[in-house]
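Below is one structure, written out as structure tokens; the observations come after it.
All heavy atoms count here, side chains included; hydrogens, waters and symmetry mates do not. Here is the naming used below: chain letters follow the sequence lines, and residue numbers restart at 1 for every chain.
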Amino acid sequence: MKYQRPKGTADILPGMSEKWSYVEDTARLLFNDYQFHEIRTPMFENFEVFSRSAGDTSDVVTKEMYDFHDKGDRHIALRPEGTAGVVRAYVENKLYAPEQEKPYKVFYMGPMFRYERPQTGRSREFHQIGVESFGSDSPAVDVEIMAMAMDFFNHLGLTNLKLAVNSLGDKETREAYHQALVDYLEPHFNDLSEDSQSRLHKNPLRVLDSKDKKDQEIVANAPSILDFMTPDAQKHLDTVKEMLEALKIPFEIDPTMVRGLDYYNHTIFEIETNSPALGHGWMTICGGGRYNGLVEELGGPETPGFGFGIGMERLLLLLDNLDVTAPISNPLNAYVVGIGEETNVETLKLVQAIRQAGFSADRDYLNRKPKAQFKTADRRQAEFTITVGAQELESQTVHFKSMRTGEETTLPMDAIYQDFASVYDKYSEE
RNA sequence: GCGGUAUUGGUGAAGUGGUUAACACACUGGUUUGUGGAUCCAGCACGCGUGAGUUCGAUUCUCACAUACCGCCCCA
């Protein structure tokens with residue numbers, strides 16, 4: 001094989017692409033119900049857009065960025081996630097302007113890139129569907145968006161989902177907790193895994209997320225961030241909980257949950273599944289939260305924000321596993337069988353006439369025998385076949401056959417050309 | 001970035017250091033000189049991921065590389 005696709009990329013072929021469209025269409029319809037509008041931003045940005053927003057110590061920035069210098073020596077990075085670019089666009093286009101309605105609600109879907117080791121549900125080019133809402137720090141925004149994510153999964157027929165919620169509090173909360181956590185972890189320093197040791201001072205919250213068994217034991221007794229909430233932060237979280245309950249959305253508070261990106265504060269959440277399609281244990285298919293400092297970080301006015309990202313590949317793996325199939329929406333109304341090379345022009349005219357009448361039609365292009373053509377028509381579940389041979393050419397007729405009933409009649413060719421719709425209707429009823 | 005497993009035709013796969021690389025499905029043609037199923041017959045890998053090496057000889061042994069999958073790391 002001379003050429004193969006780059007490591008960690010995938011070809012989405014017919015058969016799969018329909019499922020992608022189905023999921024994307026479902027998202028568009030539902031998000032519109034929530035009055036979110038689509039935004040499309042570049043797939044690459046200046047490196048700093050991501051490094052500033054995600055945090056210099058985050059893994060995404062330190063080792064997973066797909067970056068390069070272009071011919072103008074600009075430091076460019078393929079977007080590793082959607083939020084930073086949307087925030088950049090929000091600021092650059094002055095969408096914070098007073099005449100813009102707040103909150104400003106957008107969604108996006110498209111490819112993202114991270115340089116890492118491919119595995120199930122993880123590739124170098126992957127796709128996310130995400131939403132962002134700017135300009136309100138109301139807990140109602142948090143809950144609306146979490147509810148929308150759950151709503152989306154429900155629409156797709158997913159079950160076995162777990163909504164995990166936590167709060168990272170405000171700046172004051174984080175600082176106090178940060179200190180308490182470092183104080184707690186430092187005596188255990190030598191028992192921590194190597195990774196956690198290096199994280200301890202750079203970003204201690206990440207230690208909470210360690211999968212190392214020993215780390216988890218140590219972390220189990222660590223102070224909880226929930227004990228360090230300022231009154232404001234606590235109130236925000238309480239309201240979120242109250243509203244989730246009011247909407248009867250099941251959730252659990254997970255005080256050890258953190259996010260891989262540094263820009264989050266207050267409410268964060270993940271939607272996880274334990275489907276065997278994604279391996280053992282729980283895997284995240286949706287993650288998001290509140291990022292009140294991010295717009296400012298990228299040069300805009302102080303603006304609260306809230307959003308999430310859904311991993312398309314993982315979502316599709318789940319759907320495949322559940323046998324959730326996209327409705328088939330491309331039936332073949334008529335297959336034109338041409339017998340002999342001399343019918344080549346007429347069959348082309350016929351399929352075009354049928355298509356222009358608003359129906360779907362196809363024909364053979366390999367000069368195959370009638371039997372083979374009928375086989376194809378059968379396999380493709382054509383509703384009707386229209387046969388043309390030398391005799392029909394001579395008499396300007398066609399053999400019109402219902403593949404369902406097997407009945408065949410002779411019709412004037414003009415009936416197809418003039419008004420295929422009524423022919424179709426007439427024989428569909430029988 | 002670190003481990004482990006794998007890589008044979010369009011697909012699922014069997015297999016051996018040495019003539020023609022099983023079998024099945026799919027596809028194409030014929031049986032039916034113009035009609036969907038079934039049967040039967042035939043065709044279908046210049047080649048066993050790529051490149052080197054060992055050997056009289058390698059798809060089968062060794063090494064490197066590539067890719068996929070699994071675990072770690074991390075995340076969507």
Atom-to-atom span, CZ of Arg122(A) to C1' of G71(B) - whole angstrom:
11 Å
Atom CD of Gln4(A) and atom C1' of C69(B) are separated, to the nearest Å, by 15 Å
Under 4.0 Å between a Lys/Arg side-chain N and an Asp/Glu carboxylate O for Arg79(A) and Glu81(A)?
no
How would you list all residue pairs meeting salt bridge (Lys or Arg N to Asp or Glu O under 4.0 Å) that involve residues 160-171 of chain A, not counting sequence neighbours?
none
Atom NZ of Lys7(A) to atom C1' of C69(B): distance rounded to whole Å?
11 Å
Roughly how many Å apart are A21(B) and U59(B), using the P atom of each and rounding to a whole number?
11 Å
Euclidean distance, atom CZ of residue Arg117(A) to atom P of A68(B) [Å, nearest integer]:
9 Å
To the nearest Å, how far apart are Gln119(A) CD and A6(B) P?
18 Å
Examine Phe306(A) together with Tyr291(A) and report whether their ring centres are nearer than 6.0 Å.
no
Rounded distance in Å between the C1' positions of G30(B) and U39(B)
13 Å
Would you sketch RNA chain B in dot-bracket for me? Only Watson-Crick or G-U wobble pairs with both distances under 3.5 Å count, crossing pairs as [ ], other-strand pairs as |, the rest as dots.
(((((((..(((.....[....))).((((.........)))).....(((((..]....))))))))))))....
According to the ring pair (Phe, Tyr, Trp, His ring centres under 6.0 Å) rule, which pairs have a member within residues 123-165 of chain A, sequence neighbours left out?
Trp20(A)-His127(A), Phe31(A)-Phe152(A), Tyr90(A)-Phe134(A)
Charged N to carboxylate O under 4.0 angstrom, Arg28(A) versus Glu38(A)?
yes
Between Pro118(A) and Ile271(A), just flag the one whose closest nucleotide in RNA chain B comes earlier from the 5' side.
Pro118(A)
Please state the P separation for the pair U55(B) and C65(B) - nearest whole angstrom.
23 Å
Output every pair passing salt bridge (Lys or Arg N to Asp or Glu O under 4.0 Å) with a member in residues 143-161 of chain A, not counting sequence neighbours, ordered by first then second residue.
Lys105(A)-Glu144(A)
Inter-nucleotide P distance (C63(B), C72(B)), Å rounded:
27 Å
Trace of the side-chain hydrogen bond (donor to acceptor under 3.5 Å, both in side chains) decision for Arg404(A) with Ser428(A):
CA-CA 9 Å; Arg404(A) 189 169 50 81; Ser428(A) 290; over 6 Å; no
Separation of the P atoms in C69(B) and A26(B), to the nearest angstrom
29 Å
Would you mind classifying the nucleic acid contact of Gly288(A) as base, sugar-phosphate or nothing, using non-hydrogen atoms under 4.0 angstrom?
nothing
Scan the side chains in residues 109-117 of chain A for donor-acceptor partners under 3.5 Å anywhere in the protein, sequence neighbours excluded, and list what turns up.
{"from": "Arg114(A)", "atom 1": "NE", "to": "Pro80(A)", "atom 2": "O", "distance (Å)": "2.8"}
{"from": "Arg114(A)", "atom 1": "NH2", "to": "Pro80(A)", "atom 2": "O", "distance (Å)": "2.9"}

Comparing nearest nucleotides in RNA chain B, the 5'-proximal residue of the pair Arg5(A), Ile310(A) is Arg5(A)
Can you tell me, in whole Å, how much space there is between the C1' of A22(B) and that of A45(B)?
13 Å
When all nucleic acid strands are considered with a 4.0 Å heavy-atom cut-off, which category describes Ser123(A): base, sugar-phosphate, or nothing?
base
Whole angstroms only, please: what is the CZ-P distance between Phe126(A) and A76(B)?
8 Å
Please tell me whether Glu407(A) and Ser402(A) have a donor and an acceptor in their side chains that are separated by less than 3.5 angstrom.
no
Does CE in Met43(A) sit with more than 12 non-hydrogen atoms of other residues, nucleotides or ligands closer than 6.0 Å?
no
Taking atom P in both U50(B) and U11(B), what distance in whole Å separates the two?
14 Å
Heavy-atom protein contacts under 4.0 Å, nucleotides 28-39 of chain B, coded B base, S sugar-phosphate only, - none
SSSB--BBBS--
In this structure, how many angstroms lie between the P atom of C73(B) and the CZ atom of Arg114(A), rounded?
17 Å
Selection from A68(B), G1(B), C72(B) that lies nearest to any side-chain heavy atom of Tyr115(A):
G1(B)
For atom P, what is the distance between G12(B) and G4(B), given to the nearest Å?
27 Å
So that I can tick it off, tell me whether Arg88(A) and Glu92(A) are bridged by a salt bridge, with the cut-off set at under 4.0 angstrom between side-chain N and carboxylate O.
yes
Protein-nucleotide distance (Tyr66(A), atom OH; A76(B), atom P), rounded to Å:
19 Å
